[in-house]
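Read the structure below first, then the notes.
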Amino acid sequence: METKYLALPGPTYVEPDVLLEMSKPIFNHRNSKFKELLIDVTEKTKKLLMTENEVFFLTSSGTGAMECAVVNCFSRGDKVLALINGSFGQRFADIAKQYEVEVIEHHGTWGKGFDQEKIKEIINEHGDSLKGITIVHCETSTGVLNDIKSISELRVSEDTLLLVDGISSIGAESVETDQWGIDVILTGSQKVLALPPGLAIIAFSHKALLACENSKLPKYYWDIKTYRKFYKEKKETPYTPAIPLYTGLLKQLKELESKGFEKEIEKHKNISNMVRTAIRAMGLELLNDDHVSANTVTPILVPEGIDLKEMRTILLKKYGVDVAGGQGKLEGQIFRIGHLGNVEPLFVISVLAALEMTLKELGHPLEIGTGVKAAQEFWFDGK
Ligand SMILES: *Cc1c(COP(=O)(O)O)cnc(C)c1O
């Protein structure tokens, strides 16, 4: 069966009217139509990110924006603290290491939040010499939402930039870029924004832009100074933009704005709580605790005696449901249900129903309908 339920933490389901909007004829990206579009998406994105900082768009996946953040903010040998409690935190560190940035890796436990005291010690120890901190807001590999605001406040030096990967959180979690003092925040089109993959968004604070002027790491396509100059002087991107994705983005941003950014966050929170309630009712175990769990993805331990590969195959072939496996050191141990973007209660209930039938088929002792019932009840009166 073809995939009908894309229950991954990205890419996510794209609405037909968005696809239709994106299928309109391509136009010249150096004409006034594109300039207006670029101004529009820039201004609306600032609202989404709660920022007055400068926003740029890159034709790339989210990882490209992570690399862009690193190469623009630092120079070879700069000391950067990489906070790692999952595979995307590690990715940020690995990118910086490729450029010979002096990365101090701090490893938290996968599936848990960070110990603030330990981080405070490291920050204090390095003082002014610490040029940056990298962190992932929603660590998609474990479903943990890291506390950006608190970590931002631990900084002791004006020179320490805070770089945040908000790829799977922006739009579904509260992200107050300016209030929290985030210097670089970034996301991708294929997650909560519910667009096809290929467009990344990145915002730089005034302090980060000053760092860009001094950064000596090699870059060409990622050089934000060029994007800045083009936007300032011509309201254009330096290189050919992914025009349809900008058209789709404008539609999505308008939609989000009219629904209310807060309401969308609330929707994701309710859906996430609904999934967690259902999973517990089914007798399955969640990887993370409620107080650190993100709104966009639920990580579930593979039940004893269940072959994950077989389970995912049945889900996909029989029911058209695609859930994600585990990443890095959690590969084979967990599976993840993504519920972000255009998700609705019935989408999740369908996924849960398929999961119950699949587990039953594989001989797992569970009473069919328990999870679905818990989800329905949660939605009906619990939320
Ligand atoms: C999806 C994701 C990425 C990777 O994005 P790509 O678009 O695949 O490059 C990075 N970080 C987080 C937190 C993500 O969820």
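Atoms within a ligand are numbered from 1 in the order they appear, just like the ligands themselves. Computed from a predicted structure; not experimentally measured.
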Validation row: [X], [Y] side chains within 4.5 angstrom (heavy atoms):
| X | Y | value |
| --- | --- | --- |
| Ile95 | Thr134 | no |
| Glu236 | Lys35 | yes |
| Trp110 | Ser87 | yes |
| Val343 | Lys267 | yes |

Considering only protein heavy atoms, which is closest to [atom], and at what distance to one decimal place?
| atom | value |
| --- | --- |
| atom 13 (C) of ligand 1 | Thr140 OG1, 3.1 Å |
| atom 3 (C) of ligand 1 | Phe88 CE2, 3.3 Å |
| atom 11 (N) of ligand 1 | Asp165 OD2, 2.6 Å |
| atom 8 (O) of ligand 1 | Gln190 NE2, 4.0 Å |

For residues 112-126, pull every pair meeting side chain to side chain donor-acceptor pair (under 3.5 Å), keeping only residues two or more places apart or in separate chains.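 Every pair satisfying side chain to side chain donor-acceptor pair (under 3.5 Å) with a residue in residues 112-126: Lys79-His126.
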In this structure, does ligand 1 have an atom that sits under 4.0 Å from one of the heavy atoms of Cys138?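 Under 4.0 Å: yes for Cys138.
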Using the test side-chain contact (heavy atoms from CB on, under 4.5 Å), find all partners of Ser293 that sit at least two apart in sequence or belong to another chain.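 So Ser293 forms a side-chain contact (heavy atoms from CB on, under 4.5 Å) with Arg276, Asn288.
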Mind checking whether [X] contacts ligand 1 via backbone (N, CA, C, O), side chain (CB onward), both or neither, at a 4.0 Å heavy-atom cut-off?
| X | value |
| --- | --- |
| Thr63 | both |
| Glu139 | neither |
| Arg91 | side chain |

Show the atoms of ligand 1 that are less than 4.0 angstrom away from any heavy atom in Val136.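 This gives 13 (C) as the contact atoms.
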Taking 4.0 angstrom as the limit and counting only heavy atoms of Lys191, give me the atoms of ligand 1 inside it, by number and element.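 Within the 4.0 Å cut-off of Lys191, ligand 1 contributes 1 (C), 2 (C), 3 (C), 14 (C), 15 (O).
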Nearest neighbour of atom 6 (P) of ligand 1 from the list Ser61, Ser189, Ser141, Gly188, on a heavy-atom basis: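 Ranked by closest heavy atom to atom 6 (P) of ligand 1, first place is Ser61.
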Is Gly62 close to ligand 1, meaning an N/O of one under 3.5 Å from an N/O of the other?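 Yes, there is a polar N/O contact under 3.5 Å.
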Tell me whether the rings of Tyr227 and Tyr239 are parallel (<30°), tilted (30 to 60°) or perpendicular (>60°).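 Correct class here is perpendicular.
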Quick one: sort the His29 and Phe34 rings into parallel, tilted or perpendicular, breaks at 30° and 60°.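 Answer is perpendicular, since the angle exceeds 60°.
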